[in-house]
Student: 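There's a structure below that I have some questions on.
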Protein chains: 2
Amino acid sequence: MTEPSGRRERKKAATRRKIADTALRLFLEHGYDAVGIRDVAAEADVAVTTVFSHFASKEALVFEQDGSFEQRLTRAVTDRAPHEPLIPALHREIEALVRHCLTDEAAPVWRMVDASPALRAHEESTMLRHAESLATAIAADLDPPRTATACRTLARFVVDAYALARDADDPQATVDEVFHMIEAAWEATRPS
Amino acid sequence: MTEPSGRRERKKAATRRKIADTALRLFLEHGYDAVGIRDVAAEADVAVTTVFSHFASKEALVFEQDGSFEQRLTRAVTDRAPHEPLIPALHREIEALVRHCLTDEAAPVWRMVDASPALRAHEESTMLRHAESLATAIAADLDPPRTATACRTLARFVVDAYALARDADDPQATVDEVFHMIEAAWEATRPS
DNA sequence: ACCGTAACACTAACGGTTAGGTTTAAAAAA
DNA sequence: TTTTTTAAACCTAACCGTTAGTGTTACGGT
């Protein structure tokens, strides 16, 4: 059909990035609740409707490039070294993701998220969606297969590890401790 | 101070119940999204502001008597028979709670909740709040104490069991399977 | 009988979100 | 090139949940 070539797409992407950048800047400067969509639109020099044609909601402006999270989780399962056990691979990936949240670049955003109920709620439900796709990735990639329930449960436990570690005093240690429990839970699903 | 006696309180309770009943009826009849707060207020013959003086949000109209959930979870921990192990007590309670959701009375409401993103999001975040208070209840009531992280993790796993069972094909079996994993995870936290 | 106050009402607005219909400019067709 | 089509962005105006401001009523304590 339409070969993806050209100015139109570039302009669209530029508009999108301009909106997202402007929004994040304003949010961090003045606080998420203090900045309205109309403010974002004005500062980015676009119409309000344009904002919503690029982003489904105000919260989505904050989690702009969050497609990566789901990808990284599922790839940690599917792209791992042959015969590498599942849990350590997930352990490593969650640890990396948690560490990324503590970056100087990412930390202020997460502080903002934790401060806003709307943003927290949005994050929680996207986490659950991610857990679902992680569950299917796990189910698809299992040498001795497990129950669908076991896979779904593991997936939820894994995203729990992420969530728990993110607002723990010692995120690093928390990831390890939770994964120690996850490992045991997963062992218990071994078909005898 | 003011002894809680009399007509005023009765009238207030009556108004509250009338609003909640009307709202739930309209929601089930026409769908949650199709019914506005103004519709609820008109049908209950109260002002819109009165609705919000009794309920914090539109979603709260659906989860009217949901204070019981948190209580039942924490009481399953604190009020259990002396020396009864923790996990089976939680197992029984979650099983009972899940079974309650499948009641002819409660099932349509949950179908409605599952159909509405707003309601789902609301439920998810209240679940996480419940997990937090369950975690403190667990931490307070432990013969050989465990890490705060271990308690929080267990609490989240338990509410995961509830959530997973509620939209599983065989809720009963799912509760058992998830709790089998939880039991193993909890064993792994035993101080050696 | 009186007063304080809790419950409710009314109006008007704010902020996120969407629908309707128009303009602009890129892409494809002629 | 010129024409036609299409998709991005615009504007206006509204809808809906929610809240603030400001009464008004009637219950309860004195």
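Chain naming here is simple, since letters A, B, ... match the order of the sequence lines and numbering starts at 1 in each.
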Student: Of all heavy-atom pairs between A:A165 and A:P171, which one has the smallest distance, and what is that distance?
Tutor: O-CB, 3.4 Å
Student: Give the intermediate values and the outcome of side-chain contact (heavy atoms from CB on, under 4.5 Å) for residues B:V113 and B:V62.
Tutor: CA-CA 8 Å; B:V113 171; B:V62 173; 4.2 Å; yes
Student: Atom pairs under 3.5 Å, N or O on each side, protein against nucleotides 20-22 of chain C: can you list them with distances?
Tutor:
none

Student: Go through A:T50 and A:I19 one step at a time and tell me if the side-chain contact (heavy atoms from CB on, under 4.5 Å) criterion holds.
Tutor: CA-CA 9 Å; A:T50 303; A:I19 294 172; 4.3 Å; yes
Student: Quick one: A:R7 CZ to C:dA26 P, roughly how many Å, whole number?
Tutor: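 Taking atom P of C:dA26 as the reference, CZ of A:R7 is at 5 Å.
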Student: Do the side-chain N or O atoms of B:H54 get closer than 4.0 angstrom to the phosphate oxygens (OP1, OP2) of C:dA7?
Tutor: no
Student: Is the shortest distance from a Lys or Arg side-chain nitrogen in B:E70 or B:R129 to a carboxylate oxygen in the other one below 4.0 Å?
Tutor: no
Student: Whole-Å distance between C:dC14 P and A:K58 NZ?
Tutor: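 One finds 16 Å between P of C:dC14 and NZ of A:K58, rounded.
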Student: Establish, for the pair A:K58 and A:Y32, whether the NZ or CZ atom is under 6.0 angstrom from the six-membered ring centre and no further than 45 degrees off its axis.
Tutor: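 Yes, A:K58 lies over the aromatic ring of A:Y32.
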Student: Does A:K18 pair with A:D45 as a salt bridge, N-O distance under 4.0 Å?
Tutor: no
Student: List in numerical order all residues of residues 28-47 of chain B for which some heavy atom is under 4.0 Å away from an atom belonging to DNA chain C.
Tutor: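 Under 4.0 Å from DNA chain C: B:R38, B:D45, B:V46, B:A47.
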Student: Return the value, rounded to whole Å, for the distance between atom CD of A:E9 and atom P of C:dA27.
Tutor: 9 Å
Student: What pairs with B:A60 under side-chain contact (heavy atoms from CB on, under 4.5 Å), at least two apart in sequence or on another chain?
Tutor: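 Listed in chain order: B:F55, B:S57.
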Student: As an exercise, state the distance from CG of A:L102 to CG of A:L97, rounded to the nearest 0.5 Å.
Tutor: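 Going from CG on A:L102 over to CG on A:L97, the span is 11.0 Å.
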Student: Drop me the distance from A:D160's CG to A:I94's CD1, to the nearest 0.5 angstrom.
Tutor: 10.0 Å
Student: Apply side-chain contact (heavy atoms from CB on, under 4.5 Å) to A:Q71 and list each qualifying residue two or more places apart in sequence or on a separate chain.
Tutor: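 Per chain and number, A:Q71 pairs via side-chain contact (heavy atoms from CB on, under 4.5 Å) with A:R75.
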Student: Between D:dT18 atom P and B:L61 atom CG, what is the distance in whole Å?
Tutor: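 So the CG-P distance, B:L61 to D:dT18, works out to 9 Å.
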Student: Would you tell me if any nitrogen or oxygen in the side chain of A:K11 comes within less than 4.0 Å of OP1 or OP2 on C:dA25?
Tutor: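 Answer is no, no contact under 4.0 Å.
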Student: Output all residues satisfying side-chain contact (heavy atoms from CB on, under 4.5 Å) with A:T103, sequence neighbours left out; order by chain, then residue number.
Tutor: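 A:T103 satisfies side-chain contact (heavy atoms from CB on, under 4.5 Å) with A:H100, A:E105, A:A106 once adjacent residues are dropped.
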Student: Using a 4.0 Å heavy-atom cut-off to protein, can you give one letter per nucleotide of nucleotides 1-6 of chain C, 5' to 3': B if the base is in contact, S if only the sugar-phosphate is, - if neither?
Tutor: ----BS
Student: Could you check whether B:T15 gets within reach of a base, just the sugar-phosphate, or nothing at all, counting any heavy atom under 4.0 Å?
Tutor: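 Sugar-phosphate only.
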Student: Starting at the 5' end of DNA chain C and moving along, which residue's nearest nucleotide shows up first, A:F52 or B:A13?
Tutor: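 Closest to the 5' end, via its nearest nucleotide, is B:A13.
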